[in-house]
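For reference, the structure is listed below as structure tokens.
First the proteins, then the strands, lettered A, B, ... as listed; each starts at 1.
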Amino acid sequence: MDLRLTEEQQQLVEAFASLYADAAPSDRVRSAEPGGHLPELWDRLVATGAVEMAVPEDAGGGGASLLDLALVAEQHGRAVAPAPLIEAQVAGRLLSRLPAGADALAGVIAGNRLVTVGVRPARDGVATLVPGGAVADAIVALDEDRLVLVPVPEGTRHVVNTGAMPLADIAIGADATELATGADALAAYAIALDEWRVLTAGALVGIAQRALEIGVAYVKERHAFGQPIGGFQAVAHRLADRATEVDGAQLLTREAAWAAAEDPQRAPELAAMAFGFAADTARDTTYYALHFHGGYGFMLEYDAQLYFRRARAWAGVLGEPRDAYRRVSDLRYAAVGA
Amino acid sequence: MDLRLTEEQQQLVEAFASLYADAAPSDRVRSAEPGGHLPELWDRLVATGAVEMAVPEDAGGGGASLLDLALVAEQHGRAVAPAPLIEAQVAGRLLSRLPAGADALAGVIAGNRLVTVGVRPARDGVATLVPGGAVADAIVALDEDRLVLVPVPEGTRHVVNTGAMPLADIAIGADATELATGADALAAYAIALDEWRVLTAGALVGIAQRALEIGVAYVKERHAFGQPIGGFQAVAHRLADRATEVDGAQLLTREAAWAAAEDPQRAPELAAMAFGFAADTARDTTYYALHFHGGYGFMLEYDAQLYFRRARAWAGVLGEPRDAYRRVSDLRYAAVGA
Amino acid sequence: MDFRLGDKSEVLRKEAREFLREVLTPEMVEECYRTGVMHNVEFTKAMRDKGWLAPGWPVEYGGQGRDPIEILALSEEMARAGAPTYGIGTTMMIAWVINMVGTEEQKREILPKALAGDIVIALGFTEPENGSDAAAAATRAVQSDEGWTINGSKMFTTNAHIADYVFMLARTDPDAPKHRGLTTFLVPMKQEGVEVQPVFTLSGERTNITFYNDVFVSDQWRIGEVNAGWRVMSVAFEREHSAAFVGEQERLLDHVVAWARETPGEDGLPRIEEAGVRERIGRAATEIEVSQLLQRRTAWMSTVDLPTHMKGSMSKLFSSERLERQAADFVEMLGPDGVRGRGDPTAPANGEIEHALRHSKGTTIYAGTSEIQRNIIAQHELGLPRPK
Amino acid sequence: MDFRLGDKSEVLRKEAREFLREVLTPEMVEECYRTGVMHNVEFTKAMRDKGWLAPGWPVEYGGQGRDPIEILALSEEMARAGAPTYGIGTTMMIAWVINMVGTEEQKREILPKALAGDIVIALGFTEPENGSDAAAAATRAVQSDEGWTINGSKMFTTNAHIADYVFMLARTDPDAPKHRGLTTFLVPMKQEGVEVQPVFTLSGERTNITFYNDVFVSDQWRIGEVNAGWRVMSVAFEREHSAAFVGEQERLLDHVVAWARETPGEDGLPRIEEAGVRERIGRAATEIEVSQLLQRRTAWMSTVDLPTHMKGSMSKLFSSERLERQAADFVEMLGPDGVRGRGDPTAPANGEIEHALRHSKGTTIYAGTSEIQRNIIAQHELGLPRPK
């Protein structure tokens, strides 16, 4: 057992922390609302190889492990960064596993094509609430048992949403290209979804962790009835519970990411666990971080609400934590829908 | 709107409070375990007319309203009284609505026959976990679409249970007498069950209320780190939440009992609400009342655990609060199973 | 016992529903959302015409002499419909204070206008540096020739940008104990030195921060005795028996049930057929019943002259906490569509459920945070030592 | 990163499972339930034969030199099987203290017997008037000729009735600040003046209250310096990296899953097919994974010499709170059958789920209540002011 990051991983974390601090401070996050996309940030991410790194080396990418990407995702979440990085990384990896995806992948690696992925199968020919869909050039979607590459039409409408994400509902039109069909398509999509679960869990851990820091800093500073409000047990104990859950969510998410390569048998189960628990944790942590700001937490001018909204929406586009827990039970105990 | 009790109701409450204080102090409650029946208490209850009062006047009883009975049930719960009063009252009222129940009813009113009721339909010919079944002479049970009076066989086994209740699994044998069949049976049973829900809710309110008093008294007296532990917000705030819920559960249960006569259309819905909410409240209140006793709460010698166990079991023989809430939805919005 | 509100209340409730159907147009509701302002002149005038600006005031003061239970029925319907009553509420609260402790001149000047719906009065209690602890107000009022010079700032002065006055709590004796050095003033807003900056919030509601820079207020606008401001405050709140959110809870559940009935699940059946959905809806319905009972109890207690302080805290605490939890739970229950926001044409229930998630978060904060309510209940209802 | 416990741990885990299958007979388990005593001589001897009484002690002191991660695998299996290790735990904890701070004579006398499983040492920290605040101990030890006279009482001295010694925290200088006037003693139990009264508990476990009436303890049995008792206590706890209940959580879930697979619901299908049941099982499985990771982290941290204090609190807090919630939730999930108690032949899962409901309630209380753990985390992990 070893819970330390390698030196390379530490450098990776620091590099992205500093990229986000520089390119996505909270005032820019705020000004990118409601569309939720910051082109300068996206360009920086592409330039630094954040998408390319996710693609395996034999497909021309950087060959980062899912654990490396999860560490980046934590930083992404800490910054509540307005850029569809996780979806683009997952789409890139997915394309790399599909011979028919080579062309699109080339554009992704070259950095001149933004491709994301719909995280639920299309319904009635429409991929709904596709993360990054409102700003992507194309998306990968599962339509029945076909994986297709769908060019995003001009003028695709951004769906207004709680988390100021660049979401869109995208109809799978005649110009969609088939990438895979049948069992191959389903298997590739299942892997992609698990990767998305883990990386989104990583981002949710980052959201929760940063929200906790913001909340703790506030209650240390704010005084009421002659003392810092962080000295009241009603405040301190709720935050202690959250700190515990944040630590747990981080360990679990890192374990799930690690397992993708090191313990593939447990990886799907751990991905569902991490997604459900990180979503619960991000929701509850951002709740209290905001709540203990009192009226200030309710102000758009304060950062707490940025985290509060995204904690709910980033997870919400896939489904609620209860869905994830049912999936855990199914994967582990082979009941319904496993 | 008037939330005051009448003078008669106040006298009723005081009379039963004093009966229980006298006949069922906590050391006797404890000594009646695990069987959960205190014959002297039962005799006192019968002698004071506690069963008879529940039966309508035109059937030879005292004609108490369900609200009156709910007030008695609150006192019953406060004392965690080891006697199947609620089941006997409900059975008496049920028998009074069935012509074929006249004989049995006569014995109930005369006080020489203890009849209770199974609160779930029999399964495979067995009425399971019948409250009071281990000490009853007979029970009323629903077997498919037949309501039957079942003599309790000699040597019926007491089911060991969390709440030290006199529960039994009772097979419906050849000596069972038919009381009603078809729609009549189902309708009469439905009313009886709603009455049992309301009265049990009343008892759960009593449990919660008394447990809160016990918990509050303890945290006022117990000191740690130089102050009464009730002065710590971690303690005080949890108890404030419980006090609020206890008040709410009492209002709701009284409303449900009142509605049986005054607002029959809403009565079933309110009965389900009261049962679910009182069960939640009793569970949570007894939890904290015990918890804030620290190690002492864990000792059988202290009263907190008496309440903790009964809060769970008295409600549990019907089902969990979630079932009650589903029923509320069904009754109100006419979905499944209404 | 009698759990009916009574005929007068039910008649009033029916009348309110008809009124709202007629007067509260979708455009008006939409305007509230768009501007974030819960005050509408046209709506206020229509309320005035019904006599509903001061339904609880005695008839001799221009009210309808209704009891707190009738008023509850009225306000529950207003909240359930999402009517813009916030400005009416603050204005009439302060008008009542003036009616009770004001000078004849103040009454002459303010009451007719308030009762006519012609003026708006905003509340200036909270400051940037004090929230829950209103008595810690630091805004100074210094006596000068025939008046007072005010310096300081007030936070969350909702409606200040459309208000004629801010009813302000200011420190007039910095050397006295904190509750004894305060005085209340009705500060006219249209004057030099007053600055109003908008503050936008998570729910879309607009509030303000207001700054007072050498603002002169004639002694005519001092309300109550000098240094008796804290007593005046208690007059302001004595008719507020609780700030529960039953109407909001009901509105949310209405939307959720409609959604669950018309939205098919994966099996093609309406989602209200699912065990989990039924459970969540039934739980919310139960909590609403409890919220309503707790609120009605405080109203009823005030009709029989029982003190409502702790019971009002229970009502506010329970209702707001459960509203918040319900909104969060229902947004999750909607599944991915739950993230579609109010304002988007594809949002379920016109985005009302998503909006409730954001709106409800404020209800456990303003009008006394949940933590303050729990302190009150612990200390005054349970007799615990004052929590620290 | 590497989340594997490592080969040595997995080998040990397998060995532990085999050992438990062989040694821990149903009769032995049943005896624990019946007597409420989590100590069994036969089991202890079998543990000794495996070298598992002191697996983490250095080899030169009679241990196996295993690292904290291996020990975790071992203790997790013990807890999952419900093995009677409580007496072993307290005995070896104090044996280690003696190994570290005891005199040569004390070591000679105690260590071989402890390592042989021949003696039981109970803990005497808590008193009737102090729970969470152990340093407030009031039991007095007064120096007399070549020894000490002890008067007072200790609460929750589990196993005192079968113990050879109680390791006692006693006040030796009532005038010193509360942490500085304490001394620790190993009090032989078989002597005049010692009285043990049984205390029965909600879970069925038996503990004791012990009274000390002019009990003479020779100075030979003073452990550590006079008035240095609080320092000695820290030695006792320094190897306790966390008191998590992962094994208990796993045992509970094992029983629940078996029940859900074999029990038909109203539709005749196994209950594990129900959405609600799947959700509750999956949530518990997730929380167990988190409990395990938090616990393993503290063990791992100690292997790389990182301080584990706050992280141990997190592990204990999370694991015990979730165990409690899971037990309550699962009992409700069983429906009415959930009230059938351990000991009844009709109880689902042999009553283990019902028993877990009662047993789990203690886990958030002993070894530092959840409130104490939250105080520690708030103060030391988050840097908040010391909560009051």
Side-chain angles (χ1 to χ4, degrees), chain A residues 1-6 9 67 212-213 216 219-220 227-228 230-245 247-252 254-259 262-263 269-270 272-274 276-277 280 321-337, chain D residues 1-6 9 67 69 72 257 260-261 269-270 272-294 296-297 299-301 303-304 310-311 313-315 317-318 321 370-371 373-379 381-388:
Chain A
M1 184 162 220
D2 190 351
L3 298 178
R4 277 170 299 207
L5 303 185
T6 63
Q9 285 169 333
L67 179 55
L212 182 65
E213 290 168 9
V216 167
V219 304
K220 280 181 186 168
Q227 67 166 76
F232 292 108
Q233 277 189 344
V235 173
H237 282 199
R238 302 279 197 190
L239 293 175
D241 279 329
R242 304 294 87 74
T244 303
E245 289 155 6
D247 272 21
Q250 185 177 53
L251 285 164
L252 179 59
R254 288 178 174 190
E255 182 186 37
W258 168 85
E262 300 291 334
D263 193 357
E269 171 189 324
L270 287 168
M273 285 181 168
F277 193 77
D280 272 342
R322 294 182 189 213
D323 299 331
Y325 295 134
R326 275 195 290 271
R327 188 175 158 81
V328 169
S329 174
D330 298 345
L331 289 167
R332 181 182 277 220
Y333 302 112
V336 188
Chain D
M1 304 188 90
D2 186 358
F3 286 87
R4 289 179 201 90
L5 287 195
S9 296
D67 70 30
I69 292 175
L72 206 58
V257 169
R261 280 175 159 161
L269 294 172
I272 202 166
E273 304 279 330
E274 280 175 31
V277 173
R278 291 155 58 215
E279 177 193 319
R280 290 156 101 164
I281 284 177
R283 186 189 299 272
T286 303
E287 291 172 348
I288 292 170
E289 189 78 24
V290 172
S291 301
Q292 197 169 55
L293 285 165
L294 288 170
R296 289 178 177 183
R297 175 175 64 171
W300 168 77
M301 285 172 78
T303 66
V304 292
M310 301 85 76
K311 302 299 188 186
S313 286
M314 285 184 168
S315 170
L317 174 67
F318 188 85
E321 288 282 333
S370 290
E371 287 69 27
Q373 308 298 347
R374 293 189 185 104
N375 275 350
I376 292 170
I377 297 164
Q379 191 181 349
E381 176 80 10
L382 301 179
L384 294 176
R386 185 165 179 185
K388 279 179 291 200

For [X] and [Y], work out which heavy atoms get closest and say how close.
X        : Y        : result
D/Ala378 : A/Ala240 : N-CB, 4.1 Å
A/Ala243 : D/Leu382 : CB-CD2, 3.8 Å
D/Val290 : A/Gly248 : CG1-CA, 3.7 Å

Against chain A, work out which of [options] has the most heavy-atom pairs shorter than 4.5 Å and name it.
options                                : result
D/Leu293, D/Val304, D/Ile377, D/Leu317 : D/Leu293
D/Gly276, D/Ser291, D/Ser370, D/Ala285 : D/Ala285
D/Met310, D/Glu289, D/Glu381           : D/Glu289
D/Arg297, D/Gln292, D/Gln373           : D/Arg297
D/Leu269, D/Leu5, D/Val257, D/Thr303   : D/Val257

With a 4.5 angstrom heavy-atom cut-off, could you sort out which part of D/Ala275 is near chain A: side chain, backbone, both or neither?
both

Heavy-atom distances under 4.5 Å only: say whether A/Leu67 touches chain D with side chain, backbone, both or neither.
side chain

Part of A/Asp280 lying under 4.5 Å from any heavy atom of chain D:
side chain

Are the side chain of A/Arg254 and the backbone N or O of D/Phe3 linked by a donor-acceptor pair below 3.5 Å?
no

Taking D/Arg374 for the side chain and A/Gln233 for the main chain, is one N or O donor matched with an acceptor at less than 3.5 Å?
no

Going from [atom1] on [X] to [atom2] on [Y], what distance comes out if it is rounded to the nearest 0.5 angstrom?
X        : Y        : atom1 : atom2 : answer
A/Leu3   : D/Trp300 : CG    : CH2   : 4.5 Å
A/Arg4   : D/Met301 : CZ    : CE    : 11.0 Å
D/Arg280 : A/Arg326 : CZ    : CZ    : 12.5 Å
A/Phe277 : D/Arg283 : CZ    : CZ    : 10.0 Å
D/Asn375 : A/His237 : CG    : NE2   : 3.5 Å

Counting C-beta onward and ignoring hydrogens, is there a side-chain heavy-atom pair between D/Met1 and A/Thr6 closer than 4.5 Å?
no

Counting C-beta onward and ignoring hydrogens, is there a side-chain heavy-atom pair between A/Trp258 and D/Asp2 closer than 4.5 Å?
yes

Can you tell which of A/Arg238, A/Arg332, A/Lys220, A/Met1 has the highest number of heavy-atom pairs within less than 4.5 Å of chain D?
A/Met1

Any carboxylate oxygen within less than 4.0 angstrom of a Lys/Arg side-chain nitrogen, looking at A/Asp247 and D/Lys311?
yes

